[in-house]
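Data first, discussion second: the structure below is written as structure tokens.
This structure is a prediction, so every number in the text was calculated from the model and none was measured.
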Amino acid sequence: MKIQIINGPNLNLLGVREKSIYGDASFETYLETLRQRFANITIDYYQSNIEGEIINKLHEIGFSYDGIVMNAGAYTHTSIAIADAIAAINTPVIEVHISNVHKREEFRHKSMIASNCRGVIAGFGMDSYRLALENLTLK
């Protein structure tokens, strides 16, 4: 089984930015924990701050992977193009967020991509990724 994790803009700064919201661990550190916990599957990781690169990655892997865990960052609330890319592929996508977006600014309450995803997990810190992986690995 192959799962792709895709992180969007500013998530390369996890562990450095807004620690009160996102915590003090880098994603790379947490990724190693995920890979150990799910040792029987291949977990690939991709991060980009550029919308078009995220769309290209979805196109690249969207017909060959078993699942995608996506934290589109702020693009969640703005990108019809990413929503369209998710709709165009066969691989199931689970939208994740580290923070509870519904406890934050009003503009974060609307997801442009959620309707094209299998589900949405938000507010469990980095464990949001683990919960998504658990769902994708259930068969």
Side-chain angles (χ1 to χ4, degrees):
M1 178 170 243
K2 288 178 72 170
I3 305 290
Q4 176 75 57
I5 296 175
I6 300 175
N7 274 344
N10 300 311
L11 292 167
N12 56 306
L13 297 178
L14 288 174
V16 176
R17 70 179 277 224
E18 299 172 281
K19 292 180 182 183
S20 63
I21 296 171
Y22 300 106
D24 58 2
S26 71
F27 189 79
E28 289 75 9
T29 299
Y30 185 67
L31 181 59
E32 288 309 311
T33 302
L34 288 176
R35 286 181 172 149
Q36 289 172 9
R37 183 177 185 131
F38 296 93
N40 59 330
I41 65 172
T42 300
I43 301 173
D44 292 331
Y45 175 59
Y46 180 78
Q47 188 279 327
S48 179
N49 294 316
I50 301 169
E51 183 179 31
E53 290 179 359
I54 293 169
I55 292 166
N56 287 341
K57 179 55 83 172
L58 287 166
H59 292 176
E60 175 191 330
I61 56 102
F63 298 93
S64 59
Y65 276 61
D66 298 296
I68 299 169
V69 176
M70 171 173 275
N71 185 340
Y75 288 137
T76 300
H77 319 291
T78 64
S79 183
I80 295 168
I82 290 176
D84 287 347
I86 293 168
I89 62 176
N90 294 336
T91 302
V93 177
I94 297 181
E95 175 186 336
V96 300
H97 299 284
I98 296 167
S99 68
N100 180 349
V101 293
H102 300 287
K103 290 179 87 174
R104 298 184 63 193
E105 304 93 338
E106 181 81 22
F107 70 87
R108 295 186 196 276
H109 298 184
K110 172 72 174 156
S111 170
M112 302 302 287
I113 68 174
S115 64
N116 295 332
C117 293
R118 174 184 282 180
V120 178
I121 299 170
F124 295 96
M126 295 280 207
D127 268 350
S128 295
Y129 294 89
R130 177 187 54 81
L131 294 168
L133 284 166
E134 286 176 359
N135 177 272
L136 288 169
T137 57
L138 295 175
K139 289 250 179 177

What pairs with [X] under side-chain hydrogen bond (donor to acceptor under 3.5 Å, both in side chains), at least two apart in sequence or on another chain?
| X | result |
| --- | --- |
| D84 | none |
| E95 | H97, S111 |
| T29 | S26 |
| S48 | E53 |

Any idea which heavy atoms bring [X] and [Y] closest together, and the distance?
| X | Y | value |
| --- | --- | --- |
| I113 | A83 | CG2-N, 3.8 Å |
| Q47 | G8 | NE2-O, 3.0 Å |
| G123 | S128 | N-OG, 3.9 Å |
| P9 | A72 | CD-O, 3.4 Å |

_Nonpolar side-chain network containing I80, other nodes, edges under 4.5 Å_ =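 Besides I80, the hydrophobic cluster comprises M112, listed by chain and residue number.
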Spacing of [X] atom [atom1] and [Y] atom [atom2] [to the nearest 0.5 Å]:
| X | Y | atom1 | atom2 | value |
| --- | --- | --- | --- | --- |
| L58 | I68 | CG | CD1 | 5.0 Å |
| K2 | D66 | NZ | CG | 9.0 Å |
| T33 | L31 | OG1 | CG | 8.5 Å |

*Looking only at atom types and distance, does a side-chain atom of N71 sit under 3.5 Å from a main-chain N or O of N7, one as donor and one as acceptor?*
no
Report the residues that fulfil side chain to side chain contact (heavy atoms under 4.5 Å, CB included) with [X], sequence neighbours left out, ordered by chain and then residue number.
| X | answer |
| --- | --- |
| A81 | E51, I55, S79 |
| T78 | Y75 |
| I41 | M1, I3, F38, I43, L133, T137 |
| D127 | Y30, F124, R130 |

same_hphob_cluster([X], [Y]) at 4.5 Å side-chain heavy-atom cutoff:
| X | Y | result |
| --- | --- | --- |
| L131 | M126 | yes |
| I6 | L11 | no |
| Y46 | I89 | yes |
| L34 | I98 | yes |

*Result of checking I94, I5, I86, V96 against M70 for side chain to side chain contact (heavy atoms under 4.5 Å, CB included)*: I86
*Is any side-chain heavy atom of T91 closer than 4.5 Å to a side-chain heavy atom of I61?*
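Not in contact.
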_Could you check whether any side-chain heavy atom of N116 comes within less than 4.5 Å of a side-chain heavy atom of V93, counting everything from C-beta outward?_
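They are not in contact (no side-chain heavy atoms under 4.5 Å apart), so the answer is no.
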*Which pairs count as salt bridge (charged side-chain N to carboxylate O under 4.0 Å, His left out) when at least one residue sits in residues 35-47, sequence neighbours excluded?*
E32-R35, R37-E134
*asked:* Can you list everything that forms a ring-ring contact (aromatic ring centres under 6.0 Å, His included) with F27? Sequence neighbours excluded, please.
replied: Y45, Y129
